[in-house]
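Here the structure comes first, spelled out in C-alpha cells, and everything after it is commentary.
Order of listing sets the numbers, starting from 1, for every ligand and every atom in it.
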Amino acid sequence: MEILLAENAGFCFGVEKAVDAVYAQLADQSAGTVFTYGEIVHNEAVTKDLAAKGVKTAESAKDIRGALEEAKNGGGAENACVVIRAHGVGAAVYDTLKEQQLRVVDATCPFVRRIHETVRKAGEAGETVIVVGDHDHPEVQGIVGWAKGPIAVVSSPEEAAALDFPRGSNLTIVSQTTFRRHKFKETVEVFSGKEYNVNIVDTICSATSVRQEEAERIASEADVMIVVGGAHSSNTRKLYEICKGKCSATYLVQHAGDLNTQMFEGAARVGITAGASTPKNIIQEVQTYVRTRSEL
Ligand code: SF4
C-alpha cells in the first residue's frame with residue numbers, strides 16, 4: 001500500500017504561533033493563570049493537554065471576570081493573562097480586557113489582523129463592508145467587530161443577491177481567510193454585476209488554498225483518503241468535503257484510534273492530509289498506523 005502524505009498538512013503558521021504563545025506563557029515562571037479567549041485550536045488533544053496544565057478557556061468577558069475571581073481565591077490571579085487566538089476578536093473585546101486590566105497576549109494571525117485593519121479603514125472612509133464567510137465562524141465575528149459603519153456577512157451568492165444598496169455605493173469586500181476561493185469569486189461576481197463601486201480585497205489565506213489544492217490532487221489519485229482533524233474545525237470539514245468529492249472512500253478522523261483495517265481493504269494508495277489545527281504528532285500516529293497495516 002502506497003502512502004501519499006500531504007506536505008501541507010497540520011498546523012498553519014498562525015495556529016502554530018498561537019499555540020506556541022500559550023505554551024510560552026505556561027513556561028514563564030512569572031506568569032499567573034493563563035486564559036485563552038475561546039479554544040486556542042479546534043483540536044481535542046491539544047486543548048486537553050493545555051487544560052491539564054491549568055489553561056482556562058473563556059468564552060466571554062463575563063467568563064474571564066468569574067474565572068479571575070476564582071483565581072483570586074485560589075491564587076494565580078497575579079500576572080494572569082488572556083491569549084487571543086489566531087482567529088482574532090472584535091475591537092470591543094480588547095476594550096473589555098483593558099478595562100479589566102488584564103495582560104493580553106495577542107496571537108491574532110497577522111493575516112487576520114490585516115483584515116481587521118481593512119475593515120476599520122473602509123468604515124472610517126464611509127464605505128460599506130461585505131464579509132464573505134460563515135456567519136457563525138469566530139473569525140468572521142471578530143472581523144465584524146472592527147466595523148466603523150455598515151457591514152454585512154454573506155456566505156453564498158444567493159445571500160449576496162438578496163442585498164440591495166443605493167446605486168453608486170462604495171463597497172469593500174473581504175473574505176474569511178479559510179473560505180473557498182471559487183465560492184468567494186462566485187459571491188463577489190454578484191456585486192460586480194450591479195452599479196456599485198466595488199473594492200475587492202482577496203483575504204483568503206494561501207495556507208488554506210495550498211492545503212486544499214494539494215488535498216484535492218492527492219484525493220483524486222488515492223483509493224482511500226484520510227483527513228485528520230477536529231470534528232469542530234471548519235477548515236478540516238472543508239478539506240473533508242473537497243476530498244470526498246474526489247475520493248468516495250474519504251474518512252474524517254480525529255486520531256489514529258478512529259482508524260480500522262476495514263477502511264483500507266483493497267486499497268493500493270492511501271492519501272493523508274490534515275486540517276490547520278492538527279498537531280504533527282497526531283498526523284505521524286495516523287501515518288504510522290497506515291504504514292503498519294500496509295506491511296502486514
Ligand atoms: S489559515 Fe492562514 S490566516 Fe488563518 S490562522 Fe492560519 S495562517 Fe493565519
Inset, instruction - Please identify which atoms of ligand 1 are closer than 4.0 Å to at least one heavy atom of Thr208. - result: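 Answer, ordered by atom number: 1 (S).
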Inspect the contact between [Y] and [X] and indicate whether a charged nitrogen and a carboxylate oxygen are less than 4.0 angstrom apart.
X	Y	result
Lys56	Asp63	no
Asp134	Lys238	yes
Arg217	Glu213	no

Legend entry - Atoms of protein origin (N, O or S) under 2.8 Å from atom 8 (Fe) of ligand 1: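 Under 2.8 Å from atom 8 (Fe) of ligand 1 - ignoring waters, which are not counted - the protein N, O or S atoms are Cys109 SG.
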Inset, instruction - Answer whether the closest heavy-atom distance between the side chains of Tyr37 and Val83 falls below 4.5 Å. - result: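 Of all side-chain heavy-atom pairs linking Val83 with Tyr37, none is under 4.5 Å.
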Legend entry - Cation-pi, Tyr289 ring and Arg293 (6.0 angstrom, 45 degrees):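 Satisfied, under 6.0 Å and within 45°.
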Legend entry - From Glu221 atom CD to Glu2 atom CD, the distance as rounded to the nearest 0.5 Å: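 Reported value, rounded in 0.5 Å steps: 8.5 Å.
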